[in-house]
Undergrad: 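Before we start, here is the structure in question, set down as structure tokens.
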Amino acid sequence: ELWRHSVAASLAADVLRSRSPRAVPMEASTAALLHDFGKLVMAKHFGAPLLDRVAAAAANEGMTRLEAEKSVFGFTHAEVGGVVSERWNLPLAVVDGIRDHHRCDDDMSVVSRVVALSDVIADDMFVDELDPLLWDLRDAHMHGLRIDADTYPNVLATATEQYAQLAARYGVN
């Protein structure tokens with residue numbers, strides 16, 4: 001599931017790069033590919049029992065997964081990914097994109113906006129209907145990238161088609 005989501009987000013970033021009137025650095029695709037690797041770091045270091053507590057907190061206390069991570073660990077996978085990518089000396093644009101992919105602020109970099117929107121698009125690619133909580137986030141990042149809201153269905157369809165082709169090539173679904 002993480003592979004599918006990460007690859008889908010990276011492909012979505014490529015599509016957004018071609019559709020945004022703003023200059024989007026190529027690092028956006030790399031940041032989108034790596035945006036959730038903080039989840040792997042947390043899984044490796046904290047194990048299934050603590051991850052189960054996060055899932056239980058989200059389900060039982062009406063929290064988002066991100067809120068549950070913050071509640072259980074005191075930090076989120078995005079923050080962990082940002083710290084690790086910075087320690088690996090990845091380019092600052094990549095670090096920012098990983099760290100900020102759940103934010104929606106006016107001062108976000110273009111790469112961070114593309115990664116955040118790519119995360120939403122990757123979610124949207126595999127569900128029948130996008131979670132209404134993500135609609136405002138999607139629209140805010142589309143606006144921040146100066147992409148017309150009417151363009152979203154085409155961006156989603158193009159990224160979905162590219163994912164299907166890549167998945168077929170590698171024999172995954």
Side-chain angles (χ1 to χ4, degrees), residues 1-44 65-66 76-127 130-131 134-173:
E1 184 178 327
L2 183 64
W3 182 92
R4 178 178 73 173
H5 180 79
S6 297
V7 169
S10 183
L11 292 169
D14 282 339
V15 174
L16 291 169
R17 208 169 140 259
S18 70
R19 303 286 164 75
S20 178
R22 295 186 70 181
V24 177
M26 291 186 71
E27 290 89 353
S29 298
T30 301
L33 181 66
L34 298 175
H35 79 278
D36 272 344
F37 85 92
K39 290 179 179 181
L40 293 175
V41 173
M42 291 170 76
K44 171 76 174 151
R65 179 169 173 89
L66 206 62
T76 68
H77 71 275
E79 293 166 330
V80 169
V83 168
V84 172
S85 62
E86 188 172 28
R87 302 257 173 150
W88 287 353
N89 293 317
L90 294 178
L92 182 58
V94 174
V95 173
D96 288 346
I98 292 168
R99 183 192 58 233
D100 297 340
H101 75 271
H102 286 293
R103 287 182 51 223
C104 187
D105 299 314
D106 291 340
D107 65 342
M108 290 177 72
S109 72
V110 171
V111 170
S112 293
R113 281 196 183 281
V114 167
V115 175
L117 182 54
S118 296
D119 184 39
V120 172
I121 292 169
D123 285 343
D124 201 1
M125 287 170 65
F126 301 106
V127 296
L130 186 64
D131 183 335
L134 297 177
W135 291 344
D136 289 341
L137 185 64
R138 175 197 66 192
D139 294 344
H141 289 307
M142 292 283 287
H143 178 75
L145 293 169
R146 298 186 192 126
I147 301 173
D148 187 276
D150 294 338
T151 304
Y152 183 80
N154 184 266
V155 169
L156 177 63
T158 302
T160 301
E161 180 181 322
Q162 289 179 2
Y163 177 82
Q165 291 171 358
L166 188 69
R169 176 185 295 163
Y170 292 105
V172 297
N173 34 336

Undergrad: For Leu2, is there any backbone N or O sitting under 3.5 Å from a side-chain donor or acceptor partner on Ser6?
TA: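 Indeed, once roles are kept as given, a pair shorter than 3.5 Å links the two residues.
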Undergrad: Could you report the tightest heavy-atom contact between Arg22 and Gly144, atom names first, then the distance?
TA: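 For Arg22 and Gly144, the tightest heavy-atom pair comes out as NH1-O, 2.6 Å.
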Undergrad: Enter the distance from Ser20:OG to Arg113:CZ here, rounded to the nearest 0.5 Å.
TA: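 The distance works out to 10.5 Å.
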Undergrad: So which of Asn154, Asp148, Asp14 actually passes side-chain hydrogen bond (donor to acceptor under 3.5 Å, both in side chains) with Arg19?
TA: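 Only one option passes, and that is Asn154.
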Undergrad: Would you say the side-chain atoms of Glu79 pair up with the backbone N or O of Thr76, donor to acceptor, closer than 3.5 Å?
TA: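 Checking the backbone N and O of Thr76 against the side chain of Glu79, a donor-acceptor pair under 3.5 Å is found.
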Undergrad: Do Ser85 side-chain atoms and Gly81 backbone N/O form a donor-acceptor pair below 3.5 Å?
TA: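 Yes: the side chain of Ser85 pairs with the backbone of Gly81.
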Undergrad: Evaluate the side-chain proximity of Arg87 to Val84: yes if any heavy-atom separation is below 4.5 Å, no if none is.
TA: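 No, side chains not in contact.
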Undergrad: Are His101 and His77, when compared by the centres of their aromatic rings, separated by less than 6.0 Å?
TA: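 Yes.
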Undergrad: Could you pull out the closest heavy-atom pair between Pro153 and Asp150, with the gap in Å?
TA: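 The answer is CD-O, 3.3 Å.
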Undergrad: Is there a donor-acceptor pair under 3.5 Å between the side chain of Ser10 and the backbone N or O of Ser29?
TA: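 The answer is yes, because a donor-acceptor pair under 3.5 Å joins these two groups.
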Undergrad: Within the 4.5 Å heavy-atom criterion, are Arg4 and Val172 side-chain neighbours or not?
TA: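 Side chain of Arg4 against side chain of Val172, heavy atoms only: no contact under 4.5 Å found.
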Undergrad: Any chance you could measure Trp3, atom CH2, to Leu33, atom CG, to the nearest 0.5 Å?
TA: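 That separation rounds to 10.0 Å.
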Undergrad: Does a side chain donor of either Ser109 or Asp96 reach within less than 3.5 Å of an acceptor in the other side chain?
TA: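 No.
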Undergrad: As a test of understanding, state which of Val95, Val94, Asp100 forms a side-chain contact (heavy atoms from CB on, under 4.5 Å) with Ile98.
TA: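 With Ile98 as partner, Val95, Val94, Asp100 yield a single side-chain contact (heavy atoms from CB on, under 4.5 Å), made by Val94.
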Undergrad: Run the side-chain contact (heavy atoms from CB on, under 4.5 Å) test on Val15 and Leu11 for me, step by step, so that the C-alpha distance in whole Å, both residues' side-chain angles and the decisive distance to 0.1 Å come before the verdict.
TA: CA-CA 6 Å; Val15 174; Leu11 292 169; 5.7 Å; no
Undergrad: Could you tell me whether Phe37 and Trp88 have their ring centroids closer than 6.0 angstrom?
TA: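 Yes, ring centres under 6.0 Å apart.
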Undergrad: Look up atom CG in Asp119 and atom CG in Leu134, then write down how far apart they are to the nearest 0.5 Å.
TA: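 That separation rounds to 8.0 Å.
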Undergrad: State the CZ-NZ distance between Arg65 and Lys39, to the nearest 0.5 angstrom.
TA: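 The CZ atom of Arg65 sits 5.5 Å away from the NZ atom of Lys39.
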Undergrad: Might you point out which heavy atoms bring Ser118 and Ala32 nearest each other, and give the distance in Å?
TA: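 Minimum heavy-atom contact is CB-CB, 4.3 Å.
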Undergrad: Enter the distance from Thr151:OG1 to Leu156:CG here, rounded to the nearest 0.5 Å.
TA: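 Result: 12.5 Å between the selected atoms.
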Undergrad: List the atom of Arg103, the atom of Ala116, and the distance in Å for their closest heavy-atom pair.
TA: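 Nearest heavy atoms, Arg103 then Ala116: O-CB, 4.2 Å.
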Undergrad: His35 versus His5: any side-chain heavy-atom pair under 4.5 Å?
TA: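 Side-chain contact under 4.5 Å: yes.
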Undergrad: Say whether Tyr152 and Asp124, considering side chains only, have a donor N or O and an acceptor N or O under 3.5 Å apart.
TA: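 Their side chains do contain a donor-acceptor pair, which is all the 3.5 Å distance test asks for.
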Undergrad: Taking C-beta and beyond as the side chain, do Leu16 and Val24 meet within less than 4.5 Å on heavy atoms?
TA: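 Leu16 does not reach Val24 side chain to side chain.
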Undergrad: Please report the shortest heavy-atom distance between Ala12 and Ile121, naming the atom on each side.
TA: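 Minimum heavy-atom separation between Ala12 and Ile121: CB-CG2, 3.7 Å.
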Undergrad: Any non-hydrogen side-chain atom of Val114 less than 4.5 Å from a side-chain atom of Val111?
TA: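 They are not in side-chain contact.
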Undergrad: Measure the CZ-CG distance between Arg17 and Leu145 for me, rounded to the nearest 0.5 Å.
TA: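 Going from the CZ atom of Arg17 to the CG atom of Leu145 covers 13.0 Å.
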Undergrad: Is there a side-chain contact between Met108 and Asp105 in this structure, where contact means two heavy atoms from C-beta onward sitting under 4.5 Å apart?
TA: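 When only atoms from C-beta onward are counted, Asp105 and Met108 do touch, with a gap below 4.5 Å.
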Undergrad: Do you know which two heavy atoms are closest between Ala122 and Ala9, and how far apart they sit?
TA: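 Here Ala122 and Ala9 meet closest at CB-N, 3.7 Å.
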